[in-house]
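All chains are named by letter (A, B, ...) in the order of the sequence lines, taking the proteins before the strands, and each is independently numbered beginning at 1.
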Amino acid sequence: MFDLQNPKTFFNFSDQNIFWLKVIFFLTAIVGLVFSLFISPQDYLQQDAVRIMYVHVPASWISLFIFAVISFSSFLSLIFKIRVFSVYAKSLAPIGLVFAFISLSTGSLWGYPTWGTFWTWDARLTSMLILFFTYVLYVVLWKWIKNYFLAEKITNIVGIIGFINLPIIKYSVDWWNTLHQPSSITIYSAPTIHTSMLFPLLVMFFSFCILSLLIFLMRYKYEIISFKNSRYDNRNF
Amino acid sequence: MIIEIFKANFVWLFVITSYLITFFSLFVLYFSSSQKLSAITHLEISKDREIKSFSSASSQEI
């Protein structure tokens, strides 16, 4: 059984699989790029601008998913005092932050040729911007607060409160009249986009997931080692 | 001439910029994480060596 509370499990997993994760990322990224930039067809309305979707959508999914994991880990860490979960959250936060940034910037670049504007205070865009700032706050709090336990407690609270924003982002396009289009892919119904566009989208998503796992394993190892060092050095505690 | 090319590839300019932003951001994140980890692992190894050399030196002295 994969023991989530034991850092050694992750260390062993990362030592054994990091090379293969890099290979899989590299191959899927190349396949994804070739399909999304050259092989996939143009959209009848958006023409080539639709190609931005292949980086924008996976980045948005991953940034939302990572924040959901951060919220869950923060909850477990705050309520059950299982420290390792706050280390998960701390290691994941910069990854989620970068994906939220990618989602916003590529969305903005997609907006100009399709909507005629880089930005609008639409419910989906605004809630995504709030998620980005929540990530910034989370990362900055860990940097600024020198006392580890205080930083852990405050960031856990931020992680839990930030969860409220996730259903708002997801359902904003249904609840409000927005410029942003509704989801084309949902869990409970068949996707409304053609397979020729769905394939590169899923390949890019898979590729970004592998890269996220790769970066998470590195950051987690770093956090565990620095936590151990600070404990021994008796600094910041 | 340049303006003509720019107009013809207007949408592609946005597409390429999006991909560049994406992969550049991920590249920076990956390398900063990798650098951080290798720096701290290096520190760990040198610490271990220091401890080992110290303990061997002191045992010789004894």
Any side-chain heavy atom of [X] sitting closer than 4.5 Å to one from [Y]?
X	Y	answer
B:S32	A:R219	yes
A:W110	B:F14	no
A:F208	B:L26	yes
B:V11	A:Q47	no
B:W12	A:L37	yes
A:S36	B:Y19	yes
A:F25	B:Y30	no

[X] versus chain B, the contacting section by heavy-atom distance below 4.5 Å:
X	result
A:I95	both
A:F118	side chain
A:A59	neither
A:M53	neither

Looking at CD1 of B:I16 and CZ of A:R51, how far apart are the two atoms once the value is rounded to the nearest 0.5 Å?
9.5 Å
Shorter than 4.5 Å, heavy atoms on both sides: which option in A:L211, A:I102, A:L214 has the most such pairs with chain B?
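Maximum pair count with chain B is reached by A:I102.
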For side-chain contact (heavy atoms from CB on, under 4.5 Å), just list the numbers for B:I21 and A:L109, CA-CA rounded to whole Å, side-chain angles, deciding distance to a tenth of an Å, and then say yes or no.
CA-CA 10 Å; B:I21 289 174; A:L109 286 164; 3.7 Å; yes
